[in-house]
Participant: 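One structure coming up, written as structure tokens, with questions to follow.
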Amino acid sequence: MADEDDIEPEESEEEAATGDDVDASEPAREKSKETAPAPMPGGSELVTLKIRRQDEGARPESKRWEEFEVPRSPGMTVVTALNAIRRAPKNKAGTDVAPVAFEATCLEEVCGGCTMLVNGKPRLACATLIDEVSPKAQAVVLQPLSSFLLVRDLVVDRSRMQESLRKVEAWVAIDAASSDEPTRQSQTDQRVAYERSQCIDCGACLEACPQFGPHSDFIGAAALNEVERLGRHPVGGLSNGRRLDAAMGPGGISGCGKAQNCVEVCPRKIPLTESIAAVGRSATRRLLKDWIFG
Amino acid sequence: MAKTSPLKSERGKLRRVIVVGSGVAGLSTTLALCEAGVAVLLISLGPSSRAASACLQSGMSAALGLDGSGDSPQNHFEESVEAGRFLANQPPVQAMTRAAPGILERLQRMGVPFERTTEGRVAQGGSDGTAAQRTAYAGSTTGLHVVSALSEQVRRWEAKDVVDEHGVEVPGETMVHRLEGWEVVQVVLDDNGVAVGVAAQELRTLRIKAHAGDAVCLATGGVGHVFSRSTAGTRQTGTAALAAHRQGAAMANMDLLHVHPTAFPAADKARAVGEKARALGGRIWLPREAADKRAGVEIPEKERDYILERRFAELGNLASGWDAATTLVEAFVDKGRGIADSDGAVQPLAYLDLTHLRRSELSRSLGPLLDSLARASGIDPYSQPIRVGPAPAGIHGGLWVDFEATESGELVEESPRNHATTIPGLYAAGDVEYGYEGGCRLEGDALLRLVHAGRMAAAGMAAYRSALARSALDLPSSVFDSAQNAADDEFSAMVSAGKTPDGDSVHSLHADLATAMCNDCGLRRDPATLDRLLEELVSLDDRASSAHFPDGSTSFNPCTQAARHLKGMVGIARVVAAAAKARLADETRRTILLVADEDGGSRIAPEVEYECAGRPLTASSAIDSRFFQPGGAS
Ligand code: SF4
Ligand code: FES
């Protein structure tokens with residue numbers, strides 16, 4: 001997956017983990033004052049970004065680290081910093097360079113486009129505050145997701161996720177011709193469905209998964225969660241067999257090594273391990289049934 | 001009438017139509033086309049999950065009449081038109097509100113996790129601009145789920161083989177062929193000016209290719225990124241719409257600013273806080289004293305001014321977006337009110353207060369939204385009021401599109417005129433066009449309008465296609481070659497301009513543009529400022545043509561895309577400013593029609609002649625308000 005060179009920013013990885021524990025996106029987090037953000041940490045007015053660059057997927061020889069300095073501002077995110085680099089693309093040594101390529105569309109944590117490794121962890125860049133990942137003015141290390149094919153700099157090709165969804169037939173097979181009859185669903189089922197419908201195709205769960213990558217055909221947590229979610233739907237459940245068959249085939253549920261990393265990194269807090277376990281149970285039931293009834 | 005086979009061209013090629021854009025409108029168009037047996041080439045910048053419509057927090061309104069208040073599609077219709085300040089054509093709005101219950105039910109069958117009543121029906125709550133309980137929500141993320149559900153359905157058609165009239169599968173051809181990572185740069189027009197395809201660039205390789213299609217639908221979204229501090233994402237640039245405009249598609253009502261009344265000013269953008277927060281009981285207030293430096297929670301009840309509740313006795317905090325935004329702007333600009341910083345500077349912001357609401361309820365209904373606001377603001381919205389203010393979201397106007405109604409105002413669903421632009425064969429659906437919204441939309445109509453527009457556009461395209469005498473796929477290849485060459489030349493010119501180091505940088509020019517638009521073409525406008533802005537935009541347009549970008553890569557190169565979007569956005573800004581000026585000069589209620597000028601700007605036209613399926617027609621600036629007028633029935 002990642003070559004040795006990529007393991008370099010190890011210390012910051014740990015620090016990021018600590019930073020994350022503090023934040024943990026706890027909505028209950030209370031702050032006594034709502035006023036302006038804390039003074040610049042470490043008294044530094046600049047933040048250093050250490051960025052893994054590569055001009056093209058097919059040109060591994062262009063792989064390099066490059067450092068940039070951008071002004072710190074209150075509430076700034078990793079995207080704010082990358083935008084600043086884009087406006088004035090000069091590296092720390094003062095050389096004019098091509099702006100760092102990155103993907104960010106919605107800027108509000110909904111499109112899933114901006115996933116990258118921040119201090120070694122897969123995160124949404126637009127949801128990652130600089131103050132949080134660089135509390136003591138240390139450099140923020142940005143790398144592209146390593147489990148997908150690289151396009152350029154921080155941009156990767158995640159089209160494999162769409163292929164996995166096609167593979168498991170991730171859709172509700174409605175009758176086009178039927179009248180639009182309402183479905184019924186209990187409030188409890190809706191809550192479960194809602195929680196599991198939050199996927200934004202960001203790819204973080206796949207990046208964190210030791211089983212997923214160019215070396216394997218495992219479809220990963222996001223697609224298995226869809227199998228589980230669609231199977232619970234009042235109409236979707238009627239054609240659950242086809243999705244389960246696909247999930248029981250090559251690259252399916254048997255590829256899960258139960259590392260449980262996916263659930264840790266999902267920015268939408270989807271209970272991925274529960275979903276995978278549920279698919280596993282349904283798959284077993286289906287196998288038994290086939291076995292007993294032929 | 002037409003002798004052509006619906007499936008194959010005379011040369012034996014599979015006939016497809018083209019849909020550009022894979023947000024809610026494009027997906028809905030694609031789906032309805034497939035259901036009508038029309039194969040689609042779906043072209044988009046990226047996967048559907050990145051589409052702007054996924055960010056819509058608003059629920060979906062449909063008058064099911066289950067809340068016991070006697071709500072009906074007719075009420076819904078009247079409230080939509082009224083919120084739109086009577087600037088929308090009424091027959092299409094009426095058809096939309098009538099179609100709403102069916103659309104809502106269909107979406108639940110597709111898997112959108114709408115909240116439920118104890119009896120298991122779709123629960124309906126309040127929304128802005130109405131006292132009715134007719135809006136179905138999937139938490140604060142309805143847009144995300146509607147995008148997922150529709151893209152799942154389209155995925156299903158991507159796996160379905162095309163079947164000919166004898167029920168035999170056409171090998172190797174699926175109903176939807178999808179191209180992701182392509183940007184449409186031009187519409188391909190044949191010698192008669194009919195749309196027969198698009199020229200598009202693959203972002204990974206920068207290769208440009210012309211694609212043929214029997215009809216083309218632009219569902220490319222809005223233009224919000226033209227304004228700084230907007231709630232829009234980075235792809236809402238209007239670039240494709242501008243290309244079509246310059247090729248002959250009229251635009252309409254490009255002056256009508258869409259303002260989101262309650263957006264939190266985050267570092268990277270203004271983050272909309274959807275009206276569901278107010279529908280649940282969220283209250284908007286201003287400190288009585290603008291100079292009050294205390295934190296919101298510390299300001300006692302009697303020193304708070306619940307300004308919307310005071311102004312709008314009936315709807316209170318759920319006043320329509322337009323009413324809420326203009327009321328707040330009036331307080332900020334004319335009365336100097338707002339929220340004081342710690343250094344005493346008064347910011348044009350108000351408090352959105354949710355602190356009196358039950359935490360469990362809030363977290364269940366708005367959890368993901370409140371979490372992200374907490375991160376962005378460092379404030380816990382459950383226990384502290386959050387600062388919000390009006391922010392531009394885009395423009396209600398867009399490409400002008402037609403409709404056909406009977407004398408009694410019923411829409412003729414099988415008419416090729418529905419959603420046709422003034423370029424024959426070119427259709428438009430969604431935020432890219434001007435229909436349905438008028439001068440403000442009810443947020444509960446935001447998703448509804450996108451789904452419905454797609455279905456209507458699809459019906460229009462299917463009717464257009466069956467009346468075609470010759471398939472676009474039978475045209476001589478020279479038509480496509482020359483379009484491809486033109487697009488290639490344009491791209492090369494842009495790249496060589498980008499290499500000249502003395503030009504302004506693409507990204508700093510965008511900042512200049514967006515700031516100018518926000519300052520000079522916001523809610524408050526005056527003729528002198530607009531004149532100055534128009535001049536400035538002409539010079540920005542020149543500077544954009546010679547913009548510098550420090551990236552010579554000949555494959556994936558985001559700078560080239562940014563340069564194209566910059567040109568597109570400056571062009572859109574010129575249309576917006578020209579329309580704003582025209583509206584100020586003559587405030588009678590009408591549609592402002594715009595056609596492209598030779599000199600790169602746009603001018604106002606009282607009417608525009610065009611043709612649809614062989615019929616000569618006229619786009620007019622009169623509004624079809626046949627059902628009712630401000631202050632009573634017509
Ligand atoms: S399941 Fe979570 S982590 Fe995985 S792609 Fe979806 S949102 Fe991202
Ligand atoms: S930019 Fe859309 S999730 Fe970050």
Side-chain angles (χ1 to χ4, degrees), chain A residues 25 27-31 33-37 55-56 73 75-77 79-80 86-87 89 96 98-99 101 104-113 126-127 129 151-152 159 162 165-166 170-172 174 176 180-187 190 193-194 197-198 200-201 230 233 235-236 268, chain B residues 35 47 49-50 52 54-55 102 105-106 108-111 113 115-116 118 120-122 138-139 141 144-145 148 152-153 155-156 158-159 180 204 233-235 266-269 271 295-296 342 363 368 370-372 374-376 378-380 382-384 505 507-508 550-551 553 555-556 558-559:
Chain A
S25 337
R29 168 169 64 126
E30 308 228 350
K31 292 217 173 153
K33 273 276 176 226
E34 65 174 42
T35 40
D55 298 341
E56 255 178 77
S73 55
M76 85 186 283
T77 65
V79 168
T80 323
R86 201 160 63 167
R87 276 195 303 275
D96 290 322
T105 307
C106 72
L107 314 176
E108 58 180 52
E109 311 181 16
V110 180
C111 79
C126 70
L129 296 175
V151 175
R152 183 176 177 182
S159 54
Q162 307 298 319
L165 292 172
R166 268 192 285 273
W171 55 72
V172 175
I174 60 165
D180 289 313
E181 284 167 30
T183 56
R184 296 282 178 114
Q185 188 178 41
S186 76
Q187 291 183 325
Q190 186 275 337
Y194 181 66
S197 302
Q198 289 292 323
I200 56 174
D201 290 345
L230 293 163
H233 181 263
V235 185
R268 309 294 294 185
Chain B
E35 285 166 3
S49 40
R50 316 284 185 250
C55 294
E105 281 160 11
R106 176 166 269 234
Q108 27 163 318
R109 283 169 51 218
M110 290 177 182
E115 283 152 34
R116 300 287 171 154
T118 46
R121 296 175 196 275
V122 166
T141 44
L144 174 66
H145 308 298
S148 311
E152 282 156 26
Q153 294 300 317
R155 186 177 298 134
R156 190 177 171 208
E158 280 174 64
E180 273 174 16
R204 286 281 291 280
T234 56
R235 282 184 182 160
D268 300 318
K269 76 178 310 196
R271 292 200 185 182
S342 47
S363 120
L370 296 184
D371 285 1
S372 87
R375 262 191 298 282
I379 287 172
D380 170 31
Y382 294 85
S383 61
Q384 306 219 22
S505 108
H507 296 104
S508 63
D551 190 344
S553 171
S555 62
F556 183 76
C559 280

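Computed from a prediction, not measured in an experiment: that's the story for all the values here. Throughout, a chain's letter reflects where its sequence line sits, starting with A, and its residues are numbered from 1. Values below: all heavy atoms of this structure, side chains included; hydrogens, waters and symmetry mates excluded.
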Participant: Examine the side chains of B:Ser372 and A:Glu108 and answer whether a donor and an acceptor come within less than 3.5 Å of each other.
Facilitator: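 Side-chain D/A pair, B:Ser372 to A:Glu108: absent.
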Participant: Under 4.5 Å from any heavy atom of chain B, what part of A:Leu230 do you find: side chain, backbone, both or neither?
Facilitator: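 For A:Leu230, side-chain heavy atoms alone lie under 4.5 Å from chain B.
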Participant: First locate atom CH2 of A:Trp171, then atom CD of B:Glu158, and finally report the distance between them rounded to the nearest 0.5 Å.
Facilitator: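 One finds 8.5 Å between CH2 of A:Trp171 and CD of B:Glu158.
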Participant: Does the B:Gln108 side chain pair with the main chain of A:Arg184, one donor and one acceptor, at a distance under 3.5 Å?
Facilitator: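 Flag not set: sc B:Gln108 to bb A:Arg184 has no pair under 3.5 Å.
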Participant: Tell me, side chain or backbone of B:Arg204 under 4.5 Å from chain A's heavy atoms, or both, or neither?
Facilitator: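 Side chain only.
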Participant: If you count heavy-atom pairs within less than 4.5 Å of chain B, which of A:Gly236, A:Ser159, A:Cys106, A:Ser197 leads?
Facilitator: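 Looking at each of A:Gly236, A:Ser159, A:Cys106, A:Ser197 in turn, A:Ser197 comes out on top.
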Participant: Pick from B:His145, B:Glu35, B:Met110: which one has the most heavy-atom pairs with chain A under 4.5 Å?
Facilitator: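 Top option by heavy-atom pairs under 4.5 Å: B:His145.
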Participant: Can you tell which part of B:Thr141 gets under 4.5 Å to a heavy atom of chain A, answering side chain, backbone, both or neither?
Facilitator: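 Both backbone and side chain of B:Thr141 come within 4.5 Å of chain A.
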Participant: Of all of B:Pro47, B:Ser508, B:Gly111, which one pairs up most often with chain A through heavy atoms under 4.5 Å apart?
Facilitator: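 Ranked by contacts with chain A, first place is B:Gly111.
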Participant: Which heavy atom in A:Gln198 sits nearest to a heavy atom in B:Pro368, and how many Å separate them?
Facilitator: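 The answer is OE1-CG, 4.0 Å.
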Participant: For each of A:Ala127, A:Ala193, A:Ser186, A:Pro99, tally heavy-atom pairs with chain B at distances under 4.5 Å, and name the one with the top tally.
Facilitator: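 Looking at each of A:Ala127, A:Ala193, A:Ser186, A:Pro99 in turn, A:Pro99 comes out on top.
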Participant: What residue, out of A:Gln162, A:His233, A:Arg268, has the most heavy-atom pairs lying under 4.5 Å from chain B?
Facilitator: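 Looking at each option in turn, the highest pair count goes to A:His233.
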Participant: Give, as side chain, backbone, both or neither, the part of A:Asp96 having an atom under 4.5 angstrom from any heavy atom of chain B.
Facilitator: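 The answer is neither part of A:Asp96.
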Participant: Which heavy atom in A:Val110 sits nearest to a heavy atom in B:Ala54, and how many Å separate them?
Facilitator: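 Nearest pair, atom of A:Val110 first, then B:Ala54: CG1-O, 3.5 Å.
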Participant: Which of the residues A:Ile174, A:Val79, A:Thr77 is involved in the greatest number of heavy-atom pairs with chain B at under 4.5 angstrom?
Facilitator: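 The option with the most such pairs is A:Ile174.
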Participant: Mind listing the closest non-hydrogen atom pair of A:Ile200 and B:Arg50 along with its distance?
Facilitator: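 Taking A:Ile200 first and B:Arg50 second, the nearest heavy atoms are O-NH1, 3.3 Å.
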Participant: Check each atom of A:Gln185 against the heavy atoms of chain B and say whether the ones under 4.5 Å are side chain, backbone, both or neither.
Facilitator: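 For A:Gln185, backbone and side chain are both near chain B.
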Participant: Distance check, rounded to the nearest 0.5 Å: B:His507 atom NE2 versus A:Arg87 atom CZ?
Facilitator: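 Rounded to the nearest 0.5 Å, the NE2-CZ separation comes out at 9.5 Å.
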Participant: Which value, rounded to the nearest 0.5 Å, describes the distance between B:Arg116 atom CZ and A:Thr183 atom OG1?
Facilitator: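 It is 4.0 Å, given to the nearest 0.5 Å.
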Participant: Between chain B and each of A:Gly113, A:Gly112, A:Pro182, count heavy-atom pairs under 4.5 Å; write down the option with the most.
Facilitator: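 Of the options given, most contacts go to A:Pro182.
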Participant: With a 4.5 angstrom heavy-atom cut-off, which part of A:Val235 approaches chain B: side chain, backbone, both or neither?
Facilitator: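 For A:Val235, side-chain heavy atoms alone lie under 4.5 Å from chain B.
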Participant: What part of B:Ala52 lies closer than 4.5 angstrom to a heavy atom of chain A: side chain, backbone, both or neither?
Facilitator: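 Contact with chain A: none, neither part.
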Participant: Once you round to the nearest 0.5 Å, how far does CG of A:Leu107 lie from CZ of B:Arg271?
Facilitator: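 Interatomic distance, A:Leu107 CG to B:Arg271 CZ, rounded to 0.5 Å: 8.0 Å.
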Participant: Go through the atoms of B:Thr118 and report whether side chain, backbone, both or neither lie under 4.5 Å from a heavy atom of chain A.
Facilitator: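 Contact with chain A is through both the backbone and side chain of B:Thr118.
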Participant: Taking A:Ala104, A:Ala101, A:Cys126, A:Ala170 one by one, which has the highest count of heavy-atom pairs under 4.5 Å against chain B?
Facilitator: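 Option with the greatest count: A:Ala170.
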Participant: Identify which part of B:Cys55 has an atom lying under 4.5 Å from any heavy atom of chain A, answering side chain, backbone, both or neither.
Facilitator: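 Answer is both: backbone and side chain atoms of B:Cys55 are under 4.5 Å from chain A.
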Participant: Given heavy-atom pairs under 4.5 angstrom as the criterion, report whether the side chain, backbone, both or neither of B:Glu115 touches chain A.
Facilitator: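 Both backbone and side chain of B:Glu115 come within 4.5 Å of chain A.
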Participant: Heavy-atom pairs under 4.5 Å with chain A: which of B:Pro550, B:Ser553, B:Ala267, B:Gly233 has the most?
Facilitator: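 Highest number of heavy-atom pairs under 4.5 Å: B:Pro550.
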